[in-house]
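Heads up: the structure comes next, in structure tokens.
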2 protein chains.
Amino acid sequence: MDQYTKGDTGTILFNISAVERETGLSKDTLRVWERRYDFPSPVRDDNGDRAYTTEQISKLRLIKRLLDQGHRPGKIIGLDDERLERLVSEPAGDQPPRQDIAVYIHLVRSHQALELRRHLTQAMARQGLQRFVTDTVGPLTQAVGEAWMRGEIAVFEEHLFTELMEGLLRNAITALQPQGKAPRVLLTSLPNEQHNLGLLMVEAILTVESAPCIALGTETPVTEIAQAAKAHRTDIVALSFSGAYPETKAIEGLRELRTLLPEPFLLCAGGAGVGRIRRRLNGIELITGLDKMCELVRQWRAEHSSY
Amino acid sequence: MDQYTKGDTGTILFNISAVERETGLSKDTLRVWERRYDFPSPVRDDNGDRAYTTEQISKLRLIKRLLDQGHRPGKIIGLDDERLERLVSEPAGDQPPRQDIAVYIHLVRSHQALELRRHLTQAMARQGLQRFVTDTVGPLTQAVGEAWMRGEIAVFEEHLFTELMEGLLRNAITALQPQGKAPRVLLTSLPNEQHNLGLLMVEAILTVESAPCIALGTETPVTEIAQAAKAHRTDIVALSFSGAYPETKAIEGLRELRTLLPEPFLLCAGGAGVGRIRRRLNGIELITGLDKMCELVRQWRAEHSSY
DNA sequence: TCAATTATTTGTCTAGGACAATGAGCTGAT
DNA sequence: ATCAGCTCATTGTCCTAGACAAATAATTGA
């Protein structure tokens, strides 16, 4: 029941439930990997329950990232950390390093909240909300996430960053006095997907585009999404998936929603979690970037302006 | 793998994974309930996998609500829908009915988001932020929660309300240009406590009181809270617990935090979850209302103004 | 009346088997 | 050479059924 326990040497050990939360790998998967590949091979606590070390968890995170890139478990689980690291950084490759992002990251790590907020507010004023979101918030959020994966940023630092960013975006959105014209867009995520930043980014962009948003926050059950779309007479339903969201669950949820929502509704999904979906899904638009959401709205307007 | 299949009569059936998502009850729990209480007793599909009907799912939702209210599975699972319904609406107390709250609730239920926002903004302007939070947001949030328990408000309606309220409070907070003087307060909640509204209410009140807040959002592990308090040199650490949070967990977490944070730090806990704690906890302030938080800050200032 | 003990309830863990869906590798026809 | 179709290996999720600690209720004793 407890999330973590202390090992003999004072090291912190995590139970299988905590590891599921931390890595996004289901308990079943963790157990079957242990059976088949001998990794992870956690020690056992007094009850005989699996107890994972932080090292194992970070290796699992690394492996998860590689799976998301298309690698297969059997091929990579045996490799040592060094080789895994090389695989991760390999194809990700060589984006031009960005000075501004490095500055923000530094502010996050040195706990200068006010200074960080000031810098970001200035950037927003300089770039305008639309470009601020696509060119700064998006990449920065991703960079923070990656730094967190590598253990360079503590949990509480990431929390503070997220909170600050949410405040900033929400403020910008209300400042625009959201009204606007069709299409009306419903924004939310499926249960177990708690990341709200992506949704707020989309909301900001859509608000700039004068498309009215109904934002439900995160974790709305599929049936409720369908009800909400009908009750609010939205034209588009947009779901957000972070990179850690299990692909099969995402597809499952989207398909169910498609069945529950008859055709006139446009259904689309975005976020890092859909980037790796190769399959074409019937009647579901996969959005590969924040700017693409804009295009979708414009396209919708073009198709519905015939009168 | 498919989330739902069609039954013989054309009814939609859900697999165990979908039910977990919809109800928040784990697969393990669903299976063990079936074993022990014969409910839910789903039919099986061609693979022998459980297939749940929508009726079963809504009964499960009802049961989940009652569990959150403190009922125990063994006592209520056997009851029929009628009896369950009666239980849900039963404990609704006899507070003096408030007209304004009834109006807000009505707007929530009729999906008039813009109108609701307008009303609330007006109330805020009329009452001032401090009284708006204590006299309107607090009671309203509670009323919405209770209505949701009774099934009078749908999940998506509650989500929209929460989202709207968060935006409103965040906006008010930033508008105040938070700076201010000591004490510095760290605001967050423990893992598994996802309600952010309570934290935002406190943040709003403290901001009015010119006490600078470090808000980490929800679900920060205890060790991280301790680190954050030190890194940001806060004077007070305030945790929020909603009514559903298990009392023992709360006490456990608070005690652990008290051990990790040496004396000069003031540690306090608030929210519906601490209201029912009778025991006095060493070195931990239990806050019984939003206004009490104010008093705590004033008291702190009185004690530290000796120079 | 309240604290300490004992009994019951309840959620989550365990093991290992099964199987469908996915992806990889191969074959033969265009 | 390319591509559809087939086969085989891989992989995630579901299954059963037993165990046990934590949480809660019931009982005892001071």
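Just so it is clear, the model here is predicted, and its values are computed rather than measured. So you know, we letter chains A, B, ... as the sequences are listed, proteins then strands, and number each from 1.
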Where the side chain of [X] is defined as all heavy atoms beyond and including C-beta, which of [options] is the nearest nucleotide?
| X | options | answer |
| --- | --- | --- |
| Arg44(A) | dC14(D), dT14(C), dG11(C) | dT14(C) |
| Trp33(A) | dG12(D), dT10(C), dT11(D) | dG12(D) |
| Arg35(B) | dC15(D), dA17(D), dG16(C) | dA17(D) |
| Thr29(A) | dT14(C), dT10(C), dG12(D) | dG12(D) |
| Leu67(B) | dG11(C), dT16(D), dC13(C) | dG11(C) |

request  = Check the pair Trp33(A) / Ile63(A) against side chain to side chain contact (heavy atoms under 4.5 Å, CB included), numbers first and verdict last.
outcome  = CA-CA 12 Å; Trp33(A) 279 8; Ile63(A) 291 171; 4.0 Å; yes
task = For the pair Leu239(A) and Thr188(A), evaluate side chain to side chain contact (heavy atoms under 4.5 Å, CB included) and give the outcome as yes or no after the intermediate values.
result = CA-CA 5 Å; Leu239(A) 299 186; Thr188(A) 189; 3.6 Å; yes
Below 4.0 angstrom from OP1 or OP2 of [N], is there any side-chain N or O of [X]?
| X | N | value |
| --- | --- | --- |
| Arg50(B) | dC15(D) | yes |
| Lys27(B) | dC14(D) | yes |
| Tyr37(A) | dT11(D) | yes |
| Ser17(B) | dC14(D) | yes |

Nearest-Å distance for atom pair [atom1]/[atom2], residues [X] and [N]:
| X | N | atom1 | atom2 | result |
| --- | --- | --- | --- | --- |
| Lys64(A) | dG12(D) | NZ | P | 11 Å |
| Arg31(B) | dC13(C) | CZ | C1' | 12 Å |
| Asp45(A) | dA22(D) | CG | C1' | 14 Å |
| His71(B) | dT24(D) | NE2 | P | 14 Å |
| Arg36(A) | dT11(D) | CZ | C1' | 6 Å |
| Asn47(A) | dG11(C) | CG | P | 18 Å |
| Ile76(B) | dT10(C) | CD1 | C1' | 13 Å |
| Glu20(B) | dT12(C) | CD | C1' | 13 Å |

task = Examine the side chains of Glu193(B) and Ser242(B) and answer whether a donor and an acceptor come within less than 3.5 Å of each other.
result =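 There is such a pair (donor and acceptor under 3.5 Å, judged by atom type) between the side chains of Glu193(B) and Ser242(B).
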inquiry  = If only side-chain N and O atoms count, and only distance matters, is there a donor-acceptor pair under 3.5 Å linking Thr223(A) with Glu22(B)?
reply    = yes
query = Of Lys75(A) and Asp28(A), whose nearest nucleotide on DNA chain D comes first from the 5' end?
reply = Lys75(A)
message = Return whichever of Arg72(A) or Asp46(A) has its heavy-atom-nearest nucleotide of DNA chain D closer to the 5' end.
response =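 It is Arg72(A) whose nearest nucleotide is closer to the 5' end.
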message = Using side chain to side chain contact (heavy atoms under 4.5 Å, CB included), reason through Phe241(A) and His195(A) one step at a time and then give a plain yes or no.
response = CA-CA 8 Å; Phe241(A) 297 91; His195(A) 294 81; over 6 Å; no
